[in-house]
Structures are given as C-alpha cells and as structure tokens.
Amino acid sequence: MKKYPSTNPVDEFNRNVTITNLKLNHLEYRNVEGKNLFERVKGYQDLIGQFRKQKIILYERRNMSAPGQECYGMDDYGDIFYGINFASADYLGLCTNEQAKEAAATAAQEYSVNSCGAPLAFGASKYYMQLKEELKDYWNMKEVIIYSAGWLAGYGVVKGLIRPYDFVIMDELCHNCLTEGAHAATKNVFRVTHLSLEAMEKKIYEVRQDNPDACILVVTEGLFSMDSDYTDLVALQKITQKYEAFLLIDCAHDFGCMGKTGKGVFEIQGLQDFSNVLLMSGGSKCLSTNVGWVACNSFEVIDYLKFFSSAYMFTNSVNPVQCATALAQLRILNSEVGVRLRTQVLQNYHYMKKELNSRNYKILGYPSPILPLLIGDELTCRIVTRLMLDEGIHCNGIEYPIVKMGQARLRVNLQPQHSKDQMDTFIETFDFCFKKATQITQDSLERYQLYLEQQEQSKSKNNLNQVNFNETKMELKKPNL
C-alpha cells in the first residue's frame with residue numbers, strides 16, 4: 001500500500017476529540033430570532049467552534065492542483081496535503097483532458113475573458129449556440145435552454161413554469177435546487193416516500209381528485225447522488241400520464257456516465273415517451289463546467305422559460321471558455337472513448353464494492369460512479385474523514401441534514417482512471433481509519449459522560465451546601481428565650 005505524506009506527522013492518528021455537547025447538527029441555529037441581525041447568528045459558533053478547534057470541520061478544502069486521480073490540496077486550517085482523490089465529482093475523469101484544455105484556450109484567445117451579459121442582452125456566443133444544438137442532438141430532444149449553473153436550471157425550470165395555484169409532488173430526497181424552486185413557486189408542495197411509486201401515485205391521485213383542472217408537476221431524479229439509487233422512470237412516466245400530470249427528471253448525476261451512450265438512467269430503463277417530460281442536468285460532473293440546461297420536446301415550453309424564468313433572464317450567460325470546454329467533453333461522451341470510460345468506472349465500482357463488502361462494510365444503492373459507504377454515527381464520520389485526509393485520501397463525509405440522522409456516510413466518487421493500487425490503498429486506509437475513529441468516538445463519549453456526572457455531582461454538592469447555609473441562617477435568626 002502506497003504511503004502518502006501525512007498532514008499530521010507529529011501526532012499521527014492522535015486526534016482525540018473533546019465533546020462539550022452532543023448537538024452535532026446545525027439546524028437548531030437556522031431559525032434564529034432577534035432584531036440584531038449580526039448578534040443573533042453568533043450562537044452558532046458554540047457548536048461549530050469546538051469542531052474547528054479540533055480540525056474536524058472540513059468545509060473549505062481547496063484544490064492546489066488539477067483535481068485528477070492524485071492531487072494537492074489545502075484544508076480549512078492551512079495544512080497542505082497530497083494523495084488520492086475520491087472527493088471530486090468528475091465521474092469520467094475528464095478534467096485534465098487535453099482536448100478540452102485546448103478548446104478552452106482557443107475560446108479565451110478568440111473571445112478574451114469577458115463575463116458576458118445575459119442571453120437576452122447580447123451575452124451569447126457561437127460556442128453557446130453550438131452547445132445548445134449538440135445537447136439537443138445528444139439527448140434527442142427538440143429544444144434546450146442553457147442556464148449558468150445546474151442549480152439555476154433546477155430552480156429556474158420549476159419556478160419558471162409553476163404558479164401559486166399549481167401543485168408539485170416530489171420525491172423526498174430531491175435536490176435542494178428543486179425543493180427551493182418548488183417552495184418559491186407555490187405552497188402546494190408534497191414530498192413523498194423515497195422511490196415509492198405507490199406513494200407517488202396515491203398522492204397524484206389525491207391531488208387530481210381534489211383539483212381536476214390543476215397543473216401537477218411530478219419531480220424526481222435520474223440518479224439520487226447521496227444514495228446512488230433511482231426509481232422506475234418508465235412506470236413513473238406512465239403514472240403521470242394517467243393523471244394528466246407532467247414529469248421533471250433531474251439527470252445531473254447520471255448524465256454522461258450512465259447508459260450505453262451516456263444519456264442517463266432513463267436510457268438504461270428504456271424510457272421512450274417524452275410527451276409530458278422535462279429533462280434537466282448540469283455540466284459539473286462530466287463536462288468539466290458549471291453549465292446547466294433543461295430539455296423538452298416542446299418549443300413553446302422552452303421559449304416560455306426564456307421570458308419567465310428569472311434564473312435565466314437575470315443571470316449572465318455561460319461564457320465562451322466554459323461552452324467550448326463543455327462542447328469538447330460532450331463530444332468525448334458521444335464517442336467510443338466515452339463508452340470505454342463508462343464501462344471502466346462501473347468496473348471500478350464493482351471492485352470497490354466487492355472488497356469493502358468482504359470486510360463487512362455496507363455500500364448503499366446501485367452501481368454508478370458514486371459509492372456511498374455507510375458509517376452511521378455523525379461524529380465518527382467526521383473523524384474518519386479527518387483521519388483519511390491525514391493519510392492522503394481525499395473523500396467527502398456526508399451527514400445530517402443532507403442525509404438522515406444516524407445515516408452518515410462517505411460519498412466515494414470514482415473515476416475510470418483510478419488504478420487498482422489506488423483503490424486498494426483507499427480500502428486499507430479506510431478500514432484502519434474507521435476502526436480508529438470508532439475508538440476515538442467511544443473514548444470521547446466516555447469522557448463526556450464522566451464530565452456530565454462530575455457536573456451533576458458538583459451541582460448536588462452546591463445544592464447541599466446551599467441547604468446547610470440556609471439552615472444555619474435560620475438557626476441564627478431564632479430569638480433567645
């Protein structure tokens with residue numbers, strides 16, 4: 001197993017954690033009150049500060065080199081690290097692709113480095129228009145609208161089409177951009193049990209019975225990234241059609257990397273009827289850009305969004321450098337190279353899953369470039385992530401509220417270029433770090449329990465002293481007879 005330079009060479013693996021309270025999540029600080037906007041947020045530091053002092057908050061790690069299979073980085077505390085990268089969501093490992101870098105350089109020379117205006121204000125470029133055309137061809141959809149980020153596409157399509165009197169029914173684990181868009185558009189938002197077609201149809205039926213003339217938008221994802229799972233899209237499309245509803249599929253995590261030609265999970269499942277379907281996605285996973293888009297077979301729908309989706313109208317266009325990069329990567333996805341990359345990344349998934357299962361670790365979901373490695377306890381997950389980084393493995397710990405309490409995990413992002421040696425290093429390092437983190441957590445909880453007992457004993461002693469003091473005072477106040 002290759003050994004990487006530790007970021008903690010003096011006290012390697014001696015990262016003991018002191019717990020001052022068991023409030024490990026931040027939601028209770030979200031709805032703060034008080035007229036002083038600046039003062040009322042300071043209480044949050046009581047929670048986050050203790051973990052920062054112990055360097056187990058890793059919220060702003062940054063790349064110090066191209067995020068390939070191995071790279072340099074810096075953690076939140078200024079420590080430089082180097083090692084294997086299982087953190088970056090570059091599912092086909094295309095960020096260092098020479099064709100894309102050359103395309104970006106050419107576009108920069110041709111257009112310079114301007115930020116562009118909004119698409120409706122002379123902000124588009126020839127690369128922008130070409131990207132729209134090739135996305136339409138790739139997905140075999142009639143129309144596409146491009147947003148400046150995937151989040152904006154998800155928010156923008158829902159907010160742009162749904163009105164206060166409409167209804168949105170969505171899987172409970174849909175991405176934040178979709179839920180934010182839904183709640184910004186209407187109060188009539190219903191979230192149903194994850195992946196349950198029965199629950200989805202029941203809610204659609206109820207809404208349609210009570211609102212025979214209302215518009216209903218059903219929202220799901222091609223691949224749910226935190227669980228690496230998906231619903232039956234063919235069956236769901238038929239359900240929506242049955243009740244005259246419409247279906248929006250967020251393909252952000254399966255676009256480019258899943259399906260024979262990379263169209264996504266809907267291609268794997270054989271979805272053919274798009275008459276009531278909207279597709280959305282983004283370029284951050286397989287196109288090495290922040291571009292987002294929505295596709296539909298209705299010209300009228302896409303044209304309407306151009307004028308009534310504020311996330312499109314009031315945001316600068318995607319600049320030529322990003323569009324040229326996305327075009328270069330899209331052409332790779334649509335080639336034999338893309339086929340080989342998609343095949344290899346799934347082979348890597350199956351190898352990692354087999355080896356981790358053999359050590360009795362649980363992998364969630366279905367085969368994809370995302371391997372969710374279940375840990376459970378939130379504090380243990382934070383410590384594992386820190387220890388892994390100490391040993392030169394970059395990976396992301398995921399916890400509540402992104403996933404349910406007690407379901408914390410590592411989201412391991414695989415690339416086709418990860419070698420067997422690199423994967424073996426991850427497996428052996430994780431096995432060691434998990435066992436060490438479990439012990440650190442147990443020791444920390446025992447010290448915390450002892451601290452609470454001492455506090456209770458001290459409180460009881462103070463109360464007893466107060467009682468004795470009060471009794472003495474009463475005796476002194478008694479009159480002499």
Side-chain angles (χ1 to χ4, degrees), residues 153-155 157-255 258-259 263-281 294-298 301 364-366 368 370 372 401-404 407:
Y155 179 91
V157 64
V158 179
K159 180 66 166 59
L161 293 176
I162 296 303
R163 298 294 171 258
Y165 37 79
D166 295 330
F167 292 81
V168 178
I169 304 172
M170 60 201 319
D171 188 292
E172 64 179 338
L173 297 188
C174 276
H175 192 269
N176 169 269
C177 65
L178 302 167
T179 58
E180 291 283 336
H183 286 291
T186 177
K187 65 180 181 181
N188 305 317
V189 179
F190 301 96
R191 300 173 71 180
V192 302
T193 304
H194 182 50
L195 303 185
S196 174
L197 290 175
E198 181 181 359
M200 186 68 82
E201 181 167 12
K202 180 181 179 184
K203 180 53 66 176
I204 297 171
Y205 171 79
E206 291 173 356
V207 171
R208 178 56 74 214
Q209 285 292 102
D210 294 339
N211 306 273
D213 298 319
C215 175
I216 301 173
L217 179 66
V218 174
V219 185
T220 191
E221 298 191 15
L223 178 71
F224 288 87
S225 65
M226 297 304 160
D227 295 83
S228 188
D229 58 10
Y230 44 79
T231 191
D232 185 336
L233 296 173
V234 175
L236 183 56
Q237 189 273 334
K238 290 178 180 178
I239 291 171
T240 58
Q241 204 167 50
K242 176 180 176 181
Y243 297 101
E244 298 181 279
F246 292 82
L247 177 62
L248 170 62
I249 306 172
D250 176 357
C251 304
H253 291 275
D254 52 326
F255 172 84
M258 298 185 70
K263 290 181 174 65
V265 169
F266 73 80
E267 180 183 27
I268 296 173
Q269 296 183 349
L271 180 61
Q272 300 288 331
D273 186 353
F274 296 93
S275 58
N276 67 331
V277 174
L278 291 138
L279 301 175
M280 64 144 290
S281 191
V294 174
C296 182
N297 277 334
S298 168
V301 167
L364 305 175
Y366 309 136
S368 82
I370 305 164
I402 301 173
V403 296
K404 292 180 179 179
Q407 293 287 307

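Side-chain atoms are counted along with the backbone in the values below, which use heavy atoms only and exclude waters and symmetry mates. Given the structure is predicted, the values throughout are model-derived calculations rather than measurements.
Under the rule for a salt bridge (charged side-chain N to carboxylate O under 4.0 Å, His left out), the partners of K203 that lie at least two apart in sequence or sit in another chain are E206. Evaluation of the salt bridge (charged side-chain N to carboxylate O under 4.0 Å, His left out) rule for K242 yields E201 as partners, not counting sequence neighbours. The side-chain hydrogen bond (donor to acceptor under 3.5 Å, both in side chains) check on S368 picks up S228, with sequence neighbours excluded.
No side-chain donor-acceptor contact under 3.5 Å links E198 and T193.
Applying the salt bridge (Lys or Arg N to Asp or Glu O under 4.0 Å) definition to pairs two or more places apart or across chains, none involves residues 169-191. Among residues at least two apart or in separate chains, ring pair (Phe, Tyr, Trp, His ring centres under 6.0 Å) pairs with a member in residues 225-251 are Y230-Y366. Residues in residues 181-209 take part in these ring pair (Phe, Tyr, Trp, His ring centres under 6.0 Å) pairs, two or more places apart or across chains: H194-F224.
A side chain to side chain contact (heavy atoms under 4.5 Å, CB included) with I162 holds for exactly one of I216, L248, L217, V189; it is L217. If you run side chain to side chain contact (heavy atoms under 4.5 Å, CB included) between T231 and each of L233, V234, D229, only L233 comes through.
Here CG of L247 is found 8.0 Å from CG of L271. Values are rounded to the nearest 0.5 Å. Interatomic distance, N188 CG to Y165 OH, rounded to the nearest 0.5 Å: 12.0 Å. For the atom pair D254 CG and E221 CD, the distance stands at 9.0 Å (nearest 0.5 Å).
Of all heavy-atom pairs spanning G154 and M280, the tightest one is CA-SD, 3.3 Å. When all heavy atoms of T186 and R163 are compared, the closest pair comes out as CB-O, 3.6 Å. The shortest heavy-atom contact between C174 and M170 is CB-CE, 3.9 Å. Minimum interatomic distance between E267 and M258 (heavy atoms only, all atoms of both residues): OE1-O, 4.1 Å.
Between the N276 side chain and the E244 main chain, no donor and acceptor come within less than 3.5 Å of each other. Within the 3.5 Å criterion, the main-chain N or O of A214 finds no donor-acceptor partner in the side chain of N211.
Between L173 and M226, the closest side-chain pair of non-hydrogen atoms is not below 4.5 Å.
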Output, in order, the C-alpha distance, side-chain angles, deciding distance and verdict of side chain to side chain contact (heavy atoms under 4.5 Å, CB included) for I239 and M200. CA-CA 9 Å; I239 291 171; M200 186 68 82; 5.5 Å; no
S275 and Q241: CA distance, side-chain angles, deciding distance, side chain to side chain contact (heavy atoms under 4.5 Å, CB included) verdict: CA-CA 9 Å; S275 58; Q241 204 167 50; 3.1 Å; yes
Output, in order, the C-alpha distance, side-chain angles, deciding distance and verdict of side chain to side chain contact (heavy atoms under 4.5 Å, CB included) for D227 and L195. CA-CA 11 Å; D227 295 83; L195 303 185; over 6 Å; no
